[in-house]
Structures are given as structure tokens and as C-alpha cells.
Number of protein chains: 2
Amino acid sequence: MKRPTISDVAAYAGVTKSTVSHALSGKRPVAAKTRARIDQAIRSLGYQPHPVAQRLATGRSRTIGFVYPLYASEFSALEMKFIAGAAAVINQANYVFALLTPPDRRADSLTRFLQSGLLDGVILMQVQLHDPRVAILRRAEIPFVLIGRCFDNAGLTFIDLDIDLAISQCVEHLVALGHRHLAYLRLDDPDLGFAVRANQAYVAACRRYDLPIVASACALIPESGAQVAATLLDAHPETTALIVWNDLAAWGAMQAIQGHGLRIPADVSLICFDLSTVANIVPLRPTAVDIRPREMAAEAARMLLAQLAADATTPVQVLMEPRLIVGETTAPPARRRA
Amino acid sequence: MKRPTISDVAAYAGVTKSTVSHALSGKRPVAAKTRARIDQAIRSLGYQPHPVAQRLATGRSRTIGFVYPLYASEFSALEMKFIAGAAAVINQANYVFALLTPPDRRADSLTRFLQSGLLDGVILMQVQLHDPRVAILRRAEIPFVLIGRCFDNAGLTFIDLDIDLAISQCVEHLVALGHRHLAYLRLDDPDLGFAVRANQAYVAACRRYDLPIVASACALIPESGAQVAATLLDAHPETTALIVWNDLAAWGAMQAIQGHGLRIPADVSLICFDLSTVANIVPLRPTAVDIRPREMAAEAARMLLAQLAADATTPVQVLMEPRLIVGETTAPPARRRA
DNA sequence: TGTATTTATCAAACCGATTTGTACACCTGT
DNA sequence: ACAGGTGTACAAATCGGTTTGATAAATACA
């Protein structure tokens, strides 16, 4: 009833363990006749190599850690897509997808797992501009891929959205439609590279087109989106277009716009990021930047697997090109009652 | 630069491996003085036991598999909550949370992982009434916990929402408000225990209150909710309350109701399941059954860990009591223009 | 004081594979 | 006929721990 070991197979086939191992791995030649006997033995015994023993012998665990600090608020569909994208690729490759959900972004939440020597590689989410976890990963000499990037990325392997381009596309799209008065509901997290880059990119884009710079911090909830949008529309009634970082906030903003008696997109155009929640809900197809979380995470997984296979750590840096999906929430600005 | 092994510690402390092992595990007495030397050695060398070696020696992997078949459509916040709930508990207990995302619910997607002997225990999602995976898990003699349950649950350990009670609460709530003409937008999946039980419970509850039974299958998307709700309202204009299984569909249904010129809750009351997406979005706080996915998955994880700790397989069966959260989308029925 | 029992440690086997050095048989070419 | 390859399989070491039987020292009891 116990599961058969390689020794059982060897005994059954009348050879030694090492011969079986060589037959299985192909690392040394085995006579065709012997191999046939071994195959036969494996089949009749239903042998499967014991992964843990393999791991000990080879020193590789075939386990990839996916580090995703999950705060109370972050259980949205977006997170799910990142995770599902990476998990699918990693499972497919016959690796174990180990999801680590430390309660914060601090480094010491990670060390325990890293030093355990249990992980062949790591994918890191929520990368900060100056991320202490990166230093730890480096010291642990463990291959890792960032989803996102730091301030100084020398020698790092990452995949990130080209956020500058994304913001540029948004502004460009609106300017092309004739808008001159935009406002940006930004995410205010000084640690997250994603957020900081987006904010800088918005300022830069506005300068480029010589537009007034109107931006306001906004939390990741509808109420905040509504409140901030309302304040902005009051303070800057000339505004004809909103770019909203978060999709739930975008929903709130839409309510606020309509609450001001303005129509979308006739009076105010709106662009939001990510197509998860809002896209399913709103009556209009939103104009949105598709950040393709599944593809991004899947690609990160592939990059990591490639590094593990090659046993090399040549840094690979990928910027995903954003896709601006033009929907029904943007249109040329109409002259409206000021 | 190599990581220290137990032998290094032993040499440093001037004892043998076994003594160090005993000091660490406490399974045999070690003299206080010796123990102090060993502690000192461990600290100066920065020793950490190698988990893979431990696993091989003990036969336990400290890894729990979370099996979640993810179809293309299912990357919602609800899934994320289940996963996050279980992952937090399992990581906390110093176990590895291995997320397995087979492309379907079939059994053979699982066998490979189970037979690998890599998992100490398994948590199974999307349990079917007659689930071949359960048989496989049994044969593999691996402890497992279902989130959901089968038709025949003898000897199984599971945690599930008391769906009968949930539906009863919904109907009861509406009846208490004075409604007599309900309609139920159900999920039509003959394999999923969850769905089948809910449908039966709805019929039973209506019988109990002597209500006409109006129900219609509805997909998990807003469009379907809208379309089915519209059809129902046309066919049964006397309907004053809707119970909608899925929250995205509930959103669609709300649009359809308003599209019929009816107000919520004045003309039509609405109850939906789960508080994830819609709850964040609608202007009214929805009356909803909170299925508490995080708590459910966390409890499943705790149950499994308890089984592993006790090394016993006494079946534990838990039905979570649903919470009907009364919001602003249900009210007594108003006389309305027929 | 001698024997029985407990306490603390050692030494070796074991978990289930991989990897490497070596021996043997067979074939080849001169 | 003999040196030199080549093909094939064996034996043993190794990965880093745990576990168990044995042994020596320390204590208990009569």
C-alpha cells in the first residue's frame, strides 16, 4: 500500500537505483532492452518519483513564491487577475505556485520564507520605489522578477506597464478630441512606483500640451471618487475631462458628474484605468487603459521560469505597452453653460 | 557562503547531529548546558533547518493545496476573498499555500498533484454534488476539506453556507414586508451543490408560504440579469420582489427594473447574494446575503490544519449561518399601477 | 556497596532520490 | 594478440535532516 520508490522499481527490473535514475533522466545511456524492463516495472508498480526527495537531491524545489501583500481593502478582481495569470503559467510548468500574503510591504515579513530555501524563485508585487525587499532577495541570491519597478533598476528583472506612455495616451486622446481642461484623480502613495510615475507623467504630459495642471489625490473607493470629482468640478467648472486612476473611484466620479447635472461624455469625458469592475457595470463602455494584469503576471512567470531554466540571471526588463480602449465615455467637448 | 547545516551546528557545539535535532525538537531530553551551547552555535552560524530535508525525513511537506478551478470568467473579487482568507491562515501557520488552478473541474487535472505526494492536505473549491475529485482525494488518503459539499457527505469534512437557511431568510424577509409575488433569478448549474440547493430551497420556501413559484435561470453577467429580469417583469407584472443569485446579474436586474419605469425599493424590492462588487457601486445599500467568503475559507484552512495537527480524520461538518444584511433595496410593496 | 533505573549523548540507519567514480564486457584497429 | 575505446551497469557518496537502538554516566534504591 506504500507508494513504490525507485528502489522498488530497480528491484523489479533487476537493476540498481542508479540505472533507473539514468533511464528516467536520460543523463547517461541505458541499453534499450534494460530501459524496456524499467519502463515495464514503472508501469506495473505505478511508480512516480517522489518530488521532495528529488528536491533534496537536486537542490531545487520547483516552487515559485508569489509575494502579494494584501491589505484589508485589496481583495478586488484586479488582484485576482494578477494571481490567476501567474498561477496558470506556473502550474502548467509543473511548478508549485506558492502564494505568500504578508500583511504589509515590509521586508522582514519576507525573510523567513526566503531563508527557508524553499523557493526557487520569487515574483514580487506592489514594488516600491525604494523597496527593502529587493535588497533581501538579492542577498538571498534567489532569482526574482518584479511586477512593477523600483527607482534604480540596474540589474533587476521586471515587467511593468509603461505608465508614462499610458498617461500620455490618455492626455493625447483627450487633446485630440479638443479638450483643454483636464483633471486627474490620482493615487497618492509616495512609495508605489506605479503611482508616483503616473503622477509625474501626468504633469509632464500637461506641460507638453501646455495645459493647466489640475490633479487631486483620491482613495480607491467610490465615495472618494465622488467627493474629489465634485470638489474639482466646483473649483474648476471649465473642466471637460477627467482621468481617474482607480476604477471604483471612477464610478464615484461618474455619479458626481451626473450629480452636477452634467452628461457623460457630452459635458464631461472620462477615462479610467483597468477594465475590471466598472467596465462590467456602467451602461456606457468606458474609455479605459487596459493594464492587462493577467498577461502581465503570466509574462512575469514566464520570465522567471526562463531564468530558472537558463540558470542565468541576465536582467530582462519589459515595459508593457498600454492599450487605450476608446469607449463611449469620451467625446469632443461641447460648449456648455458655464 | 553556503548555508549552514545541522552538521555544522553540531560540530560547532561539539555534539552530534542527533543531539542538535533533539534539542530542536524537544523529543528527547538535552542537558541545559548542552542546549545552551547548541543555541549559541545556531545563533552564530545563523542556522535554519532546511525545510526540504525536514520534509523528506518526516514525510510531511507543510504544504496545503488550494484547488480552485478558474474559468475564463471567474476572476472576480469573490474568488479573491476566498483565496486571501485561506492563504492568510495557512501562511500564518508556517505552511505553504499552494494555489492550484486547473482549467476545469475534472478529476484528472488533480491526480498529478495528489500523487506527487507534495501536499499534506487539500482544500477543494467548487464542489460538485457528485464530485470525482473527492473520490480521488479519498483514495490518495490525503486530508482534505471541502468548501461546499456533495450530495452524499458521509465521512467528509466540509464547510458550507447554510444555503437553505439563506434562501429562507430572504423569502421570510420579503414575506414579512408583505410581498406575495417574488421571483428568483437562479444559477443554473446542475453540478454545483451550491446552486442546486439554492434552487430547491427557493421552491421549498415558496411552498411553505404558499407563494407562486417564479424562477428563471440567469448567467453571471449584468446583461443576463437585465434580460431575464425584464422578461420576468413582463411575464409577471405583479412581481414586487426579486432575489438574484449573482451580484453582477443583480446589477443588470436593477437596470432592467428602472428601465421598466419602476423604482427600487418602492415598486420592486431586490435581494442579492454576496456584497462584493455591487455593494461598492450602487447608490443604495443593497439588502444582501453576506456569504462571508474570507471567513469561510479561513475556517476551512483552520479545520484542515487541526486535522493535520491531530493526525486524525474525524469528519467535521460546518454550516455557516448566513447573514441577511437588510439594506435599502427592500421595502414593503406599494400598490402600483398595474 | 552492588544493582536497577534514569539521563544524556552517540552512532548508524533511514527518507528517496541524484550524481560520480569505477569495473566489466565487448568491439575496434594495428 | 594486445592496447585503446566505447557502451553499459553497479556501488557508493551525497543532499540535510529525523529517528531509534545502544552506550556511558549519573542517580536511586535496597
Side-chain angles (χ1 to χ4, degrees), chain A residues 1-42 45-63 94 96 115-120 311, chain B residues 1-42 45-63 94 96 115-120 311:
Chain A
M1 215 58 300
K2 244 178 87 285
R3 63 182 284 160
T5 72
I6 197 171
S7 302
D8 298 330
V9 173
Y12 191 103
V15 294
T16 57
K17 299 195 293 177
S18 51
T19 306
V20 176
S21 178
H22 290 139
L24 247 36
S25 69
K27 296 202 175 169
R28 282 209 189 167
V30 170
K33 234 179 101 180
T34 314
R35 170 166 316 206
R37 280 214 317 286
I38 292 175
D39 284 353
Q40 172 57 34
I42 288 176
L45 295 175
Y47 168 76
Q48 261 205 320
H50 190 123
V52 175
Q54 266 175 329
R55 279 153 203 218
L56 180 57
T58 59
R60 335 205 68 186
S61 64
R62 290 195 80 83
T63 300
N94 211 359
V96 172
Q115 296 178 350
S116 76
L118 195 53
L119 302 175
D120 278 355
D311 212 12
Chain B
M1 220 52 308
K2 242 177 89 286
R3 63 182 285 159
T5 73
I6 197 173
S7 303
D8 299 330
V9 173
Y12 191 104
V15 295
T16 57
K17 298 197 295 178
S18 51
T19 306
V20 176
S21 179
H22 290 141
L24 248 36
S25 69
K27 295 202 176 168
R28 283 209 189 167
V30 170
K33 232 178 102 180
T34 314
R35 172 170 315 222
R37 279 213 319 286
I38 291 175
D39 283 353
Q40 172 56 33
I42 288 176
L45 296 176
Y47 168 75
Q48 260 205 321
H50 190 124
V52 174
Q54 266 176 328
R55 279 153 203 218
L56 180 57
T58 59
R60 336 205 67 187
S61 64
R62 289 195 82 82
T63 301
N94 212 0
V96 172
Q115 297 179 350
S116 76
L118 195 54
L119 303 175
D120 278 355
D311 212 11

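Chain letters run A, B, ... following the sequence lines, proteins first, then strands; residues in each count from 1. Because only heavy atoms are used, hydrogens play no part in the values below, and waters and symmetry mates are left out as well, while side chains stay in.
In this structure, A:S21 does not reach the C:dA17 phosphate: none of its side-chain N or O atoms is under 4.0 Å from OP1 or OP2.
Remark: A:S21 engages no residue in a side-chain hydrogen bond (donor to acceptor under 3.5 Å, both in side chains) (not counting sequence neighbours). Taking A:S25 as the reference, A:K27 meet the side-chain contact (heavy atoms from CB on, under 4.5 Å) condition, with sequence neighbours excluded. Residues that satisfy the side-chain contact (heavy atoms from CB on, under 4.5 Å) test with A:R60, not counting sequence neighbours, are A:T58, A:D120, A:L308, A:D311.
In terms of modelled atom types and a separation under 3.5 Å, the side chain of B:S61 and the main chain of B:R55 share no donor-acceptor contact.
Residue A:R3 comes nearest to A:P49 through the heavy atom pair NH2-O, 3.6 Å, listed as atom of the first residue, atom of the second, then distance. The nearest pair of heavy atoms linking B:Y47 to B:L24 is CE2-CD2, 3.9 Å. Summarising the geometry of A:T16 relative to A:A10, their closest heavy-atom pair is C-CB, 3.5 Å, with the distance given to 0.1 Å.
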Hey, can you pull the donor-acceptor pairs under 3.5 Å for the side chains in residues 32-42 of chain A, sequence neighbours left out?
| unit_1 | atom_1 | unit_2 | atom_2 | d |
| --- | --- | --- | --- | --- |
| A:R37 | NE | A:A13 | O | 2.9 |
| A:R37 | NH2 | A:A13 | O | 3.1 |
| A:Q40 | OE1 | A:R43 | NH1 | 3.4 |
| A:Q40 | NE2 | A:S44 | OG | 3.3 |

Each nucleotide N or O in nucleotides 23-29 of chain D that has a protein N or O under 3.5 Å away: list the pair and distance.
none

message = Across nucleotides 7-16 of chain D, 5' to 3', mark each nucleotide with B, S or - according to how protein heavy atoms within less than 4.0 Å reach it.
response = -SBBB---BB
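Remark: C1' of D:dG17 and CZ of B:R60 are 16 Å apart, rounded to the nearest angstrom.
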